[in-house]
Amino acid sequence: VQLQASGGGLVQAGGSLRLSCAASGRTFSNYYMGWFRQAPGKAREFVARILWSGGSTRYADSVKGRFTISRDNAKSTVYLQMNSLKPEDTAVYYCAADGARYGGLRNNPDYWGQGTLVTVSS
């Protein structure tokens, strides 16, 4: 099983980025897919998740109204569209997948992808 994250980079405050997470190696139809992030010197935190079948979503309060998570079944890819970025969004973003039976993404989900760095300059 592989979760391949991409799309990070350097952007000015107020700008946008789209992260991608390409999933392979198994069927994720009964999984939650989503993103965590970890800023320098801080604990890892939940950002957003989506139920692969059905598409229900949930967001951290800090990103509501600015970030949108979506998935493309045909491409087995989950996206995180990040708009109105702030310097406090600077972090390494990690893709994750966890069984739907858990009701959401646990802090230690079944699968992790590698991180992609997002840097927002002021």
Side-chain angles (χ1 to χ4, degrees):
V1 173
Q2 187 173 21
L3 301 178
Q4 184 70 39
S6 61
L10 174 64
V11 64
Q12 288 188 334
S16 299
L17 281 175
R18 189 178 77 160
L19 305 184
S20 300
C21 175
S24 61
R26 67 158 298 142
T27 300
F28 287 94
S29 57
N30 291 320
Y31 274 73
Y32 284 99
M33 306 289 293
W35 298 88
F36 289 82
R37 68 186 182 185
Q38 188 166 20
K42 294 188 177 181
R44 185 174 59 213
E45 64 176 359
F46 165 78
V47 177
R49 58 93 164 148
I50 186 168
L51 182 61
W52 193 270
S53 57
S56 67
T57 59
R58 185 172 181 178
Y59 298 90
D61 288 342
S62 58
V63 306
K64 279 181 183 177
R66 300 187 298 120
F67 291 11
T68 303
I69 190 169
S70 62
R71 87 267 194 234
D72 184 327
N73 290 343
K75 295 182 179 181
S76 296
T77 299
V78 173
Y79 302 99
L80 186 68
Q81 178 66 43
M82 306 185 295
N83 299 329
S84 302
L85 281 161
K86 305 175 181 180
E88 50 264 43
D89 294 317
T90 295
V92 177
Y93 284 71
Y94 296 92
C95 180
D98 213 359
R101 63 192 181 278
Y102 299 115
L105 286 179
R106 295 173 296 166
N107 286 334
N108 287 303
D110 288 341
Y111 303 107
W112 284 109
Q114 94 287 1
T116 186
L117 176 63
V118 172
T119 303
V120 184
S121 63
S122 56

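Residue numbers run from 1 in the order of the sequence given.
Asn83 has its side chain out of reach of Phe67: every pair of non-hydrogen atoms, C-beta onward, lies at least 4.5 Å apart. Residues Gln81 and Ser16 are in side-chain contact: their nearest non-hydrogen atoms beyond the backbone lie under 4.5 Å apart.
The hydrophobic cluster containing Val92, built from Ile/Leu/Val/Met/Phe/Trp/Tyr side-chain heavy atoms closer than 4.5 Å, also comprises Tyr32, Phe36, Phe46, Leu51, Tyr94, Leu105, Trp112, Leu117.
Using modelled atom types, no side-chain atom of Ser62 and backbone atom of Ala60 make a donor-acceptor pair closer than 3.5 Å. A donor-acceptor pair is defined here as one N or O able to donate and one able to accept, closer than 3.5 Å; such a pair exists between the side chain of Asp98 and the backbone of Arg106. For the pair Ser29 (side chain) and Ser53 (backbone), a donor-acceptor distance under 3.5 Å is absent. Checking side-chain atoms of Gln38 against main-chain N and O of Tyr93 turns up no donor-acceptor pair under 3.5 Å. With hydrogens and angles ignored, the 3.5 Å screen pairs no side-chain donor or acceptor of Ser122 with any backbone N or O of Pro87. For Thr90 (side chain) and Thr119 (main-chain N/O), no donor-acceptor pair under 3.5 Å exists by modelled atom type. Asp110 places no side-chain N or O within 3.5 Å of a backbone atom of Ala97 that could act as its donor or acceptor partner.
For Ser121, the side chain to side chain contact (heavy atoms under 4.5 Å, CB included) criterion is met by Leu10, Gln12, not counting sequence neighbours. Ala23 pairs by the side chain to side chain contact (heavy atoms under 4.5 Å, CB included) definition with Leu3, Phe28, Met33, not counting sequence neighbours. With sequence neighbours excluded, the residues that form a salt bridge (Lys or Arg N to Asp or Glu O under 4.0 Å) with Asp89 are Arg37, Arg66. Ser6 meets the side chain to side chain contact (heavy atoms under 4.5 Å, CB included) test with Ser20; sequence neighbours excluded.
Trp52 and Val1 fall within a single hydrophobic cluster, where Ile, Leu, Val, Met, Phe, Trp and Tyr are joined by side-chain heavy atoms under 4.5 Å apart, directly or via other members.
A distance of 7.0 Å separates CD in Gln114 from OG1 in Thr116, rounded to the nearest 0.5 Å. Annotation: the span from Ser76 atom OG to Arg26 atom CZ amounts to 12.0 Å, rounded to 0.5 Å. Here the CD atom belonging to Glu45 is positioned 14.5 Å from the CH2 atom belonging to Trp35, to the nearest 0.5 angstrom. Cys95 SG to Tyr111 OH: the interatomic distance, rounded to the nearest 0.5 Å, is 13.0 Å.
The only member of Thr57, Thr68, Leu80 that meets side-chain contact (heavy atoms from CB on, under 4.5 Å) when paired with Ile50 is Thr57.
Here the closest heavy-atom approach between residue Leu19 and residue Met82 is recorded as CG-CE, 3.7 Å.
Under the 3.5 Å distance criterion, with hydrogens and angles disregarded, no donor-acceptor pair is assigned to the side chains of Asp72 and Thr77.
Applying the salt bridge (Lys or Arg N to Asp or Glu O under 4.0 Å) definition to pairs two or more places apart or across chains, those involving residues 47-62 are Asp61-Lys64.
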